[in-house]
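Take a look at the structure below.
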Amino acid sequence: MPLIYLAVAALAIGFEQLLQMKYGAMGLIAFVALTLGIKAKNTVIGGIGAVILVMLLAQSG
């Protein structure tokens, strides 16, 4: 079981690094806001993070 947690943590860190390389600091801020909003069950913060991520993805596509 600890191996699964380690793998998930490594994937999350890798995803954060990829997001920061492609979308810069704003992408990282949006991802952190979305994550914090989900963990804290705060829809406002999660929604702000989700909207920023969608705007960044729509801009690049």
Side-chain angles (χ1 to χ4, degrees):
M1 193 58 91
L3 184 60
I4 293 172
Y5 292 136
L6 185 62
V8 169
L11 284 173
I13 291 171
F15 180 71
E16 286 181 26
Q17 292 298 320
L18 179 67
L19 195 68
Q20 187 175 9
M21 279 190 331
K22 187 162 179 136
Y23 299 109
M26 192 54 119
L28 186 62
I29 291 169
F31 182 70
V32 168
L34 180 63
T35 304
L36 288 175
I38 290 171
K39 286 188 184 266
K41 295 184 181 171
N42 187 336
T43 57
V44 174
I45 295 175
I48 290 171
V51 167
I52 294 172
L53 277 177
V54 167
M55 289 172 58
L56 287 171
L57 290 171
Q59 180 183 14
S60 68

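Numbering starts at 1 and runs along the sequence shown. Worth saying up front: this structure is predicted, and the values here are computed from it rather than measured.
A continuous path of hydrophobic side-chain contacts links M26 to L57 [ILVMFWY only; heavy atoms under 4.5 Å]. Linking Ile, Leu, Val, Met, Phe, Trp and Tyr whenever their side-chain heavy atoms come within less than 4.5 Å leaves V51 and V32 in two separate clusters. A single hydrophobic cluster is seen to contain both F15 and I52, as judged by linkage of ILVMFWY side chains at heavy-atom distances under 4.5 Å, directly or through other members. Linking ILVMFWY side-chain heavy atoms closer than 4.5 Å, directly or via other members, places L56 and L34 in a single hydrophobic cluster.
Separating the CG atom in L53 from the CG atom in L28 is a distance of 10.0 Å, to the nearest 0.5 Å. The line from CG of L6 to CG of L11 is 10.0 Å long, rounded to the nearest 0.5 Å. Here the CD1-CG distance, from I48 to L36, works out to 12.0 Å after rounding to the nearest 0.5 Å.
Between A33 and G49, the shortest heavy-atom contact is CB-CA, 3.9 Å.
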